Novice: 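Okay, here's the structure, questions in a sec.
A quick note: this is a predicted structure, and the numbers were derived from the prediction, not measured. Just so it is clear: chains get the letters A, B, ... in the order the sequence lines come, proteins before strands, and each one is counted from 1.
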Number of protein chains: 2
Amino acid sequence: MESRIEKIKQQLQSQGFKLTPQREATVRILLENEQDHLSAEEVYMLVKDIAPEIGLATVYRTLELLSELHVLEKLNFGDGVARYDLRSDDNHHHHHHLICVECGSVKEIKEDWLLPLEDRLFREFKFKVIDHRLDFQGICSECAEKHSGNETSLNDQPSA
Amino acid sequence: MESRIEKIKQQLQSQGFKLTPQREATVRILLENEQDHLSAEEVYMLVKDIAPEIGLATVYRTLELLSELHVLEKLNFGDGVARYDLRSDDNHHHHHHLICVECGSVKEIKEDWLLPLEDRLFREFKFKVIDHRLDFQGICSECAEKHSGNETSLNDQPSA
DNA sequence: CTGGGTGCAAAAGGTTTGCATACCC
DNA sequence: GGGTATGCAAACCTTTTGCACCCAG
């Protein structure tokens, strides 16, 4: 964890930015909650616990800056707020999301299953892929278990 | 086109809603611009030409209603506005987007390349897919041509 | 001193809501 | 009349911006 902070510090400094206490606190929160996809507001709430004087605007500015440095990825699941996700390495961020329409949980899959498709896109459409975004909406295993026993067809539309 | 409006009218009526002149005008705009991914504001501007008295709120309410009926899909490309896309059939909406990071164009691919992956998700993660969303960011063929001649590596990060 | 960084409050921009009015069975 | 639908304006919410102040080199 310290080494990851150190690395981010170097990334900042290499561009002339500083790892201020506020930024460090923000990064720590992101590291501690790496599995979640926190919104700016959520990050703010958590950061306030360890750096009470911080302002929301600073959190936004930090998240924006880290996104530009490709330390974070800014995500949008369509719920009206931007969410942020640490990138594990700097150039490839090919993971996928499983979004449960029942409980709202978001699970991350680290593998990249799309390389063959990206090749095909280039061949068929001359479209050179830089990054992609793949989200699946469906029913997670936990929610599916709650249903076991009734006969709900999983092909039905969810009642949204 | 008239038959598609008729079908939407029936979908509305089956749920106790009406196809009012404002809603019909909105649907016509969506049909006429099926290839684009219009924002609410853009729909509003276009609808005003054929139904000048309409209000923005009505457009939002219509778009929301049609999304609930699965006539439209509400999309978010991360540019701060929701966009809307007509669904060609009611249960399967498996298409993909090619988003050019240079010119911002969005091209739609109608095929579904992900069925094998969805099977795999169910086998490996017990996750039952209902729908998915796949967007590729990259360089479209038009923009790539503008670059032909210089040596820009397409593996470079775009300057965002 | 200079440049980046911060907090606060205000502004911005997209979307939603309250309400009085209008329409239709 | 009861329910749905509409236009307008106000409210909302997330995000951005302006500005005075602060800190490190």
Novice: Write down the atom of A/Val47, the atom of A/Thr26, and the distance for their closest heavy-atom approach.
Specialist: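 Closest heavy-atom pair between A/Val47 and A/Thr26: CG2-CA, 3.8 Å.
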Novice: Does the side chain of B/Gln22 get closer than 4.0 angstrom to OP1 or OP2 of D/dG7 through an N or O atom?
Specialist: yes
Novice: Restricting to salt bridge (Lys or Arg N to Asp or Glu O under 4.0 Å), what partner residues turn up for B/Arg61, sequence neighbours left out?
Specialist: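 Checked B/Arg61 against salt bridge (Lys or Arg N to Asp or Glu O under 4.0 Å); zero matches.
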Novice: Checking B/Glu124 now: which residues fulfil salt bridge (Lys or Arg N to Asp or Glu O under 4.0 Å) with it, not counting sequence neighbours?
Specialist: B/Arg120
Novice: Using the heavy-atom set of chain B and a strict 4.0 Å cut-off, write down the first and last nucleotide of DNA chain C that makes it in, 5' to 3'.
Specialist: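 That gives a stretch of C/dG14 to C/dG18.
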Novice: For the atom pair CD (A/Gln11) and CG (A/Leu69), what is the distance rounded to the nearest 0.5 Å?
Specialist: 6.5 Å
Novice: Answer yes when A/Lys74 and A/Glu68 have at least one side-chain N-carboxylate O distance shorter than 4.0 Å, and no when they do not.
Specialist: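 Salt bridge between A/Lys74 and A/Glu68, a charged N being under 4.0 Å from a carboxylate O: no.
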Novice: How close do A/Lys9 and A/Leu19 get, counting heavy atoms only, and between which atoms?
Specialist: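 That closest heavy-atom pairing would be CB-CD2, 3.7 Å.
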Novice: Nearest 0.5 Å, please: how far is NZ in A/Lys126 from CD in B/Glu142?
Specialist: 12.0 Å
Novice: More 5' along DNA chain D: A/Gly80 or B/Phe17, using each one's nearest nucleotide?
Specialist: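 Result of the comparison: B/Phe17.
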Novice: Under the salt bridge (Lys or Arg N to Asp or Glu O under 4.0 Å) rule, collect the residues that match up with A/Asp49, sequence neighbours excluded.
Specialist: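 Partners of A/Asp49 under the salt bridge (Lys or Arg N to Asp or Glu O under 4.0 Å) test: none.
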Novice: Closest-nucleotide mapping onto DNA chain C: is B/Ser39 or B/Lys18 further toward the 5' terminus? I mean the 5' end.
Specialist: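 Its nucleotide being nearer the 5' end, the pick is B/Ser39.
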Novice: Contact list please: residues 49-65 of chain B against DNA chain C, heavy atoms, distance less than 4.0 Å, in numerical order.
Specialist: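 The answer is B/Leu56, B/Ala57, B/Tyr60, B/Arg61.
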Novice: If you look at every strand shown and take non-hydrogen atoms under 4.0 Å, does B/Glu41 touch a base, only sugar-phosphate, or nothing?
Specialist: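 B/Glu41: no heavy atom of the nucleic acid under 4.0 Å.
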Novice: Between B/Arg83 and B/Glu42, does at least one N-O distance fall below 4.0 Å, as a salt bridge requires?
Specialist: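 Result for this pair is yes, salt bridge flagged.
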Novice: Please determine whether a side-chain nitrogen or oxygen atom of B/Thr20 lies at a distance below 4.0 Å from atom OP1 or OP2 of D/dT6.
Specialist: yes
Novice: Residues of residues 23-30 of chain B with any non-hydrogen atom less than 4.0 angstrom from an atom of DNA chain C: list those, numerically ordered, please.
Specialist: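 The stretch gives none, as no residue of it lies under 4.0 Å from the strand.
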Novice: Does A/Arg28 come within less than 4.0 Å of A/Glu24, counting only side-chain N to carboxylate O?
Specialist: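 A salt bridge is present here (some side-chain N lies under 4.0 Å from a carboxylate O).
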Novice: Near B/Gln35 CD, under 6.0 Å, is it more than 12 heavy atoms from other residues, nucleotides or ligands?
Specialist: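 Counting other residues, nucleotides and ligands, CD of B/Gln35 stays at 12 neighbours or fewer.
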